[in-house]
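Notes follow the structure.
Below, read A as the first sequence line, B as the second, and so on, with proteins coming before strands; counting in each chain starts at 1. As the structure is a prediction and not an experimental result, all values here were calculated from the model.
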Amino acid sequence: MQKVRVRFAPSPTGHLHIGGARTAIYNWAFARHNGGTFVLRIDDTDPERSTQENVEAILRGLRWLGLDWDEGPEAGGEYGPYFQTQRSDTYAAALETIRAAGRAYPCFCSPAELALKRDSARDARGLSGYDRTCRCLDADSAASRVEAGEPHVWRFAVPDDLNEVSFEDAIRGNVTFPASSLDDLVLVRSDGTPTYNFASVVDDALMDITHVIRGDDHLSNTPKQILLFETLRHPVPTFAHLPMIWGADGKRLSKRHGATSVEAYRDSGYLPEAVLNYLALLGWSLDAETTLIDSRTLVETFSFDRVSSNPAIFDTDKLEWLNGVYIRALDVDEFVDRMKPWILGAGLASAEELRGLDDWLRKLAPLVSERAKRMDEIVPIISFLFSQDIAIAPDAAAKALSFPDAAATLTAARDALQTPPGFRDSEIEAALRDLPAALEQKPKTVFQAVRVAVTGTTVSLPLFESLELLGRDRTVARISAALTFLEARARVDAAEGRT
RNA sequence: GGCCCGUUCGUCUAGCGGUUAGGACACCGCCCUCUCAAGGCGGAGAUCACGGGUUCGAAUCCCGUACGGGCUACCA
């Protein structure tokens, strides 16, 4: 078997999309699995919507996922250039080849005429596509009209003696299209630029692509492309059409479904390993059981016969769960490294302030990683540790600081916290453990009161560890502040005649 | 309209002629417990879209229907 060469050919009309990312992952995995070459090609034939910014975002997105390409932008390669806009000579030459084979002709029909023909032909007899008017034009007169500069496109002439085009899709098996359903597609637009179907085939041929792995939406383009490969006298690559990814409502994935770009997931606290894992499993499976898979294993085990042929709905819940699994699997130092940008980004601390806090962050890490499904969630969880004072949430006060002996309880807790010499979580726990019995309160009542006094909320990191991380001074100060708060509230209540 | 593809718990999937149709997420309950998580245990949830065949036997093979999607562009 010849050396595998596959390509991912995004159009830089937007950022790296979830669906595109999965296509890239499968291409990459297939190439690596077979010791082949992964080519990145930028299909920027749409000058209106293509931007350099999008190209960069796509490269960034791929790299973030851990995908590397052997040929393409910033990597070079013998088959370049890897931007279609830089390959116009190539398409011109290919058009000549097709003309020489007698399979291309100029078409002078205007867009308005075509639209008219389309509508009438389609509804009348179920015919599709172009009616081939210009194919029947006298060759000499057509040539002179072209010569005279009359606006025209170049069309491919589908052979008349063709019955059908069929191919063996690596995922779907045999697919057959009747030749009558194939129309004389446009190869070159009136402005001289190639259409997608043409440019894509020319590039795939010249780049010796052996396997075309792409979205299902291209399945119907395949027979036309096969005809072009054949006319160019180039071996037809193997096609593998991946099922689409849908939004939760079963519709095409769009902004309405929330984030669609890979970088948006990065920015909302997803780990690249988790996104890769989730996407890999959206349409492919290793076996009946495996849900955790890293890129190495993916490369080792990837094959088309385990790619599903039916579309999948993108399930954010499952991605989140998976992300949580990966967060918890991070070792302490790794978690600290990944936590820092979020602390900085949220303005909880400056880089300056963070310096020297590594030991402290390492102590914090396991408490947080166990509770966050996304990295952005760590910010609200740890913010109470980064301020001098906190505000007590009214509903938290109502729930945990409104029992009769609240003030006495907090005072007793504050006193008990003076004793532990090192203020370690075990010492803190020892100091507070006996309090409930002594005060004739339930443990939960006492601990929740302290929690709200110190963190401002009823839900927080484990109490004793939180106090240790806060330090004695701030802990005591916050309990005192809470006591002041209770006094003030009592005065207001009294003034308003409440009990 | 025509052509093509698809259809197994709510979701992702396993299954490739004989299984009590398996796993995961989500959901519910219990345990653990200073809150929240995490974790452990258990539960509910799929007449395999529907109708015909083929076969001793069909989620698995064939045909049809329905529904969904794609293509039918001088978009990609």
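At least one side-chain nitrogen or oxygen of A/N310 sits closer than 4.0 Å to the OP1 or OP2 atom of B/rU8. At B/rC71, none of the side-chain N or O atoms of A/N221 fall inside 4.0 Å of OP1 or OP2 (strictly under the cut-off). For A/R306, a side-chain nitrogen or oxygen approaches OP1 or OP2 of B/rG15 to under 4.0 Å. Phosphate contact (OP1/OP2 of B/rG70, side-chain N/O of A/R252, threshold under 4.0 Å): present.
Because its NZ or CZ atom is not both nearer than 6.0 Å to the ring centre of A/F8 and within 45° of the ring axis, A/R41 does not count as a cation-pi partner of that residue. By the 6.0 Å and 45° rule, A/R328 does not stack over the aromatic ring of A/Y326.
Using modelled atom types, one finds a donor on one side chain and an acceptor on the other under 3.5 Å when comparing A/D203 with A/Y91.
A 3.5 Å limit on both hydrogen-bonding distances identifies no Watson-Crick or G-U partner for B/rU20. In this structure B/rA46 sits in no base pair that meets the Watson-Crick or G-U test at under 3.5 Å. Both distances falling under 3.5 Å, in either a Watson-Crick or a G-U wobble arrangement, place B/rC41 opposite B/rG29. In this structure B/rG1 sits in a base pair with B/rU72, meeting the Watson-Crick or G-U test at under 3.5 Å. Pairing partner, B/rU35: none, since no Watson-Crick or wobble contact has both distances short of 3.5 Å.
Following rounding to the nearest Å, A/I245 (CD1) and B/rU11 (P) show an atom-to-atom distance of 16 Å. Computed from coordinates, the A/L292 CG to B/rU13 C1' distance equals 15 Å when rounded to whole Å. One atom, CG of A/D183, and another, C1' of B/rC4, lie 14 Å apart when rounded to the nearest Å.
Here the nucleotide nearest the side chain of A/D317, chosen from B/rC74, B/rU72, B/rC25, is B/rC25. For A/R155, whose side chain is taken as the heavy atoms from C-beta onward, the closest listed nucleotide among B/rA76, B/rG6, B/rC74 is B/rC74. With distances taken from any side-chain atom of A/P111 to the nucleotides B/rG6, B/rC4, B/rC74, the minimum falls on B/rC74. Checking B/rA14, B/rC3, B/rA24 against the side-chain heavy atoms of A/P178 singles out B/rC3 as nearest.
Within 4.0 Å of A/H218, counting heavy atoms only, lies at least one base atom of the nucleic acid.
A/N54 approaches A/P12 most closely through the heavy-atom pair ND2-O, 3.1 Å.
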Under-3.5 Å N/O pairs linking protein and nucleotides 35-44 of chain B:
{"residue": "B/rU35", "atom": "O4'", "partner": "A/Q448", "partner atom": "OE1", "Å": "3.2"}
{"residue": "B/rU35", "atom": "O2'", "partner": "A/T458", "partner atom": "O", "Å": "3.0"}
{"residue": "B/rU35", "atom": "N1", "partner": "A/R451", "partner atom": "NH2", "Å": "3.3"}
{"residue": "B/rU35", "atom": "O2", "partner": "A/S460", "partner atom": "N", "Å": "2.7"}
{"residue": "B/rU35", "atom": "O2", "partner": "A/S460", "partner atom": "O", "Å": "2.9"}
{"residue": "B/rU35", "atom": "N3", "partner": "A/R451", "partner atom": "NH1", "Å": "3.4"}
{"residue": "B/rU35", "atom": "N3", "partner": "A/S460", "partner atom": "O", "Å": "2.7"}
{"residue": "B/rU35", "atom": "O4", "partner": "A/P462", "partner atom": "N", "Å": "3.3"}
{"residue": "B/rC36", "atom": "O2", "partner": "A/R371", "partner atom": "NH1", "Å": "2.9"}
{"residue": "B/rC36", "atom": "N3", "partner": "A/R371", "partner atom": "NH1", "Å": "2.4"}
{"residue": "B/rA37", "atom": "O2'", "partner": "A/E370", "partner atom": "O", "Å": "2.6"}
{"residue": "B/rA37", "atom": "N1", "partner": "A/E370", "partner atom": "OE2", "Å": "3.0"}
{"residue": "B/rA37", "atom": "N3", "partner": "A/E370", "partner atom": "OE2", "Å": "2.9"}
{"residue": "B/rA38", "atom": "O3'", "partner": "A/R328", "partner atom": "NH1", "Å": "3.1"}
{"residue": "B/rG39", "atom": "OP1", "partner": "A/R328", "partner atom": "NH1", "Å": "3.2"}

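Distance noted for atom P between B/rG40 and B/rG23: 15 Å (whole Å). Annotation: B/rG69 and B/rC28 have their C1' atoms spaced 34 Å apart (nearest Å).
Using cut-offs of 30° and 60° for the angle between ring planes, the A/F167 and A/F239 rings count as perpendicular.
The pair A/R371-A/E377 does not count as a salt bridge, with every side-chain nitrogen at least 4.0 angstrom from each carboxylate oxygen.
Projected onto RNA chain B by closest heavy-atom contact, A/C107 and A/D217 fall at different nucleotides, the more 5' of which corresponds to A/D217.
Side-chain contact check for A/F447 versus A/V450: every heavy-atom pair is 4.5 Å or farther apart.
Contact of A/S309 with B/rG6 (side chain to base): no donor-acceptor pair of N or O atoms is detected under 3.5 Å.
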